[in-house]
A.B. asks: 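Below is a structure I'd like to ask you about.
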Amino acid sequence: MDPEAGINRTAITEFILLGLVETEMLQSVLFVLFFFAYLVTVGGNLSILVAILVEPKLHTPMYFFLGNLSVLDIGCITVTVPPMLCRLVSNRRTISYDACLTQLFFFHLLAGMDCFLLTAMAYDRFLAICRPLTYSTRMNQTVQRILVAVSWVCAFTNALTHTIALTTLNFCGPKEVNHFYCDLPQLFQLSCSSTQLNELLLFAVGFIMAGAPVVLIISSYIHVAAAVLQIRSEAGRKKAFSTCGSHLTVVCLFYGTGIFNYMRLGAEEASDKDKGVGIFNTVINPMLNPLIYSLRNPDVQGALWRVFVGKWSLT
């Protein structure tokens, strides 16, 4: 290894994010669409947070985790979309090397937290449906906080590992990132040093981050499905499938796009497919999550109706 490489790992001080479109007219359309999506996402997730905080009926473990998921969705879209909107307005597509690494770190921190939080939510459903008699003791407030804290620690470790590993690469040109935010696969394309170890690390950690939670989630829902089918009441089965169906929909959307984006070995040219997956990860998923949970969950619907419509009628 070159002894001087540790002194100055990169000759590039900034990258150029090529974004999604080139023409000025399409950029204006894109700004309106993404700005609207950002408002809907933040508004929808804040609404769920408000409903959970003010409605005593929603002070349960499931909604505690759902509230945390709403915070993550707001953070995930805020890390990527507002900077992109600023670049669209200013027509300045550059991002500094440090800002790029910072964006990458926080994106992987929040995405990693999503992995573990969705697993905790599956475990919560397993205990609620399959172990109802011991649910209140097995999923008390202490256990909830421990699960969230451990999730943050694991997600932080994952994000920090990838960020530090990226700083060991040399970037000496070109500096055009074929994406609208900084992410690992696209930055690997620009490195003028070998990225083989980084790609193996991404694949191995991704396999652990995605594989272990998916196995736990599938195992939980196999037991849940068996328990739900034994419920004699049709209304009871419908309610159980409703809450579980919302969570499974979010899981499929999140892991489907994540596996496509990161579980790949070998350098592949960045393409429009990667941008499409990026839009799904950073915009569509966070925007759909509150819609999925609120539209499919009568408890959340009722709480939102009482919180907002009730206050409006009082004024």
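Side chains included, hydrogens not; waters and symmetry mates left out as well; all remaining heavy atoms used. As the structure is a prediction and not an experimental result, all values here were calculated from the model.
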A.B. asks: Checking the side chain of R87 only, and the main-chain atoms of F180 only, is there a donor and an acceptor separated by less than 3.5 Å?
C.D. replies: yes
A.B. asks: Mark yes when over 12 heavy atoms from residues, nucleotides or ligands other than E14 sit less than 6.0 Å from its CD; otherwise mark no.
C.D. replies: yes
A.B. asks: With a 4.5 Å heavy-atom cut-off, do D183 and H108 have their side chains touching?
C.D. replies: yes
A.B. asks: On a heavy-atom basis, which atom in N45 and which in P286 lie closest, and how many Å separate them?
C.D. replies: ND2-O, 3.3 Å
A.B. asks: Atom OG1 in T163, atom CG in N158: separation rounded to 0.5 Å?
C.D. replies: 8.5 Å
A.B. asks: Same cluster or not: are F36 and L46 linked, directly or through other Ile, Leu, Val, Met, Phe, Trp or Tyr residues, by side-chain heavy atoms under 4.5 angstrom apart?
C.D. replies: no
A.B. asks: Counting distance only, does the side-chain N/O of N140 pair as donor-acceptor with the main-chain N or O of T137 below 3.5 Å?
C.D. replies: yes
A.B. asks: Is there a donor-acceptor contact under 3.5 Å from the side chain of H179 to the main chain of L18?
C.D. replies: no
A.B. asks: Give, for atom CE of M209 and atom CG of L202, the distance between the pair rounded to the nearest 0.5 Å.
C.D. replies: 10.5 Å
A.B. asks: Is there a side-chain contact between L187 and C100 (heavy atoms, below 4.5 Å)?
C.D. replies: yes
A.B. asks: Determine whether F65 and V148 make a side-chain contact, defined as any pair of heavy atoms from C-beta on separated by less than 4.5 Å.
C.D. replies: yes
A.B. asks: Any sub-3.5 Å donor-acceptor pair from S70's side-chain atoms to L49's backbone N or O?
C.D. replies: no
A.B. asks: How far does CD of Q27 sit from CE of M84, to the nearest 0.5 angstrom?
C.D. replies: 10.5 Å
A.B. asks: For P174 and L190, work out which heavy atoms get closest and say how close.
C.D. replies: O-CB, 3.8 Å
A.B. asks: Give the C-alpha distance, both sets of side-chain angles, the deciding distance and a yes or no for side-chain contact (heavy atoms from CB on, under 4.5 Å) between I279 and L20.
C.D. replies: CA-CA 10 Å; I279 293 173; L20 296 172; 3.9 Å; yes
A.B. asks: Do other residues, nucleotides or ligands put more than 12 heavy atoms under 6.0 Å from the NE2 atom of H59?
C.D. replies: yes
A.B. asks: To the nearest 0.5 Å, tell me how far N68 CG sits from L117 CG.
C.D. replies: 5.5 Å
A.B. asks: Check for me, please, whether V251 and L216 land in the same ILVMFWY cluster - side-chain distances under 4.5 Å, paths through other members count.
C.D. replies: no
A.B. asks: Of all heavy-atom pairs between S220 and A122, which one has the smallest distance, and what is that distance?
C.D. replies: CB-O, 3.9 Å
A.B. asks: In Å and rounded to the nearest 0.5 Å, what is the CG to CD1 distance from L72 to I74?
C.D. replies: 9.5 Å
A.B. asks: Could you tell me whether the side chain of L110 reaches within less than 4.5 Å of the side chain of D114, counting heavy atoms only?
C.D. replies: no
A.B. asks: Which heavy atom of R125 sits nearest to which heavy atom of V224, and what is that distance?
C.D. replies: O-CG2, 4.0 Å
A.B. asks: How far apart are the C-alpha atoms of T157 and T161, what are their side-chain angles, what is the distance that settles it, and do they pass the side-chain contact (heavy atoms from CB on, under 4.5 Å) test?
C.D. replies: CA-CA 6 Å; T157 303; T161 299; 4.1 Å; yes
A.B. asks: Are the side chain of Q103 and the backbone N or O of C182 linked by a donor-acceptor pair below 3.5 Å?
C.D. replies: yes
A.B. asks: For F188, is there any backbone N or O sitting under 3.5 Å from a side-chain donor or acceptor partner on S191?
C.D. replies: no
A.B. asks: Parallel, tilted or perpendicular, judged at 30° and 60°: which one describes the rings of F15 and F171?
C.D. replies: perpendicular
A.B. asks: What closest approach, in Å, do D73 and T41 show between heavy atoms, and which atom pair accounts for it?
C.D. replies: O-CG2, 4.4 Å
A.B. asks: Do M139 and T60 have side chains that approach each other closer than 4.5 Å (heavy atoms only, starting at C-beta)?
C.D. replies: no
A.B. asks: With sequence neighbours excluded, what pairs up with F105 under the ring-ring contact (aromatic ring centres under 6.0 Å, His included) test?
C.D. replies: F156
A.B. asks: On a heavy-atom basis, which atom in L58 and which in Y63 lie closest, and how many Å separate them?
C.D. replies: O-CB, 3.1 Å
A.B. asks: Considering only residues two or more places apart or on different chains, which pairs with a residue in residues 110-162 satisfy disulfide bond (SG atoms under 2.5 Å apart)?
C.D. replies: none
A.B. asks: Do F64 and D124 come within less than 4.5 Å of each other through their side chains, counting heavy atoms only?
C.D. replies: no
A.B. asks: If I take atom CG from residue L147 and atom OG1 from residue T119, how far apart are they, to the nearest 0.5 angstrom?
C.D. replies: 10.0 Å
A.B. asks: side-chain contact (heavy atoms from CB on, under 4.5 Å) between M121 and V250: does it pass, once the steps are laid out?
C.D. replies: CA-CA 11 Å; M121 293 173 74; V250 173; over 6 Å; no
A.B. asks: Mark yes or no for whether N285, through its side chain, and N281, through its backbone, hold a donor-acceptor pair below 3.5 Å.
C.D. replies: no
A.B. asks: Cluster question for you: counting only ILVMFWY and a side-chain heavy-atom cut-off of under 4.5 Å, with indirect links fine, are V283 and L26 together?
C.D. replies: yes
A.B. asks: Check the hydrophobic clustering (I, L, V, M, F, W, Y; side-chain heavy atoms under 4.5 Å; chains of links allowed) and say if F126 and V143 are grouped together.
C.D. replies: yes
A.B. asks: Answer yes if L104 and I16 sit in the same cluster of Ile, Leu, Val, Met, Phe, Trp and Tyr residues linked by side chain heavy atoms under 4.5 Å apart, and no otherwise.
C.D. replies: no
A.B. asks: Is there a side-chain contact (heavy atoms from CB on, under 4.5 Å) between V150 and F116 once you walk through the steps?
C.D. replies: CA-CA 9 Å; V150 170; F116 298 112; over 6 Å; no
A.B. asks: Are Y181 and V81 close enough that some pair of their side-chain heavy atoms sits under 4.5 Å apart?
C.D. replies: no
A.B. asks: Got more than 12 heavy atoms from elsewhere within 6.0 Å of CZ, F106?
C.D. replies: no
A.B. asks: Is there a donor-acceptor pair under 3.5 Å between the side chain of T195 and the backbone N or O of N198?
C.D. replies: no
A.B. asks: Would a 4.5 Å heavy-atom cut-off, applied to side chains only, mark L201 and L197 as touching?
C.D. replies: no
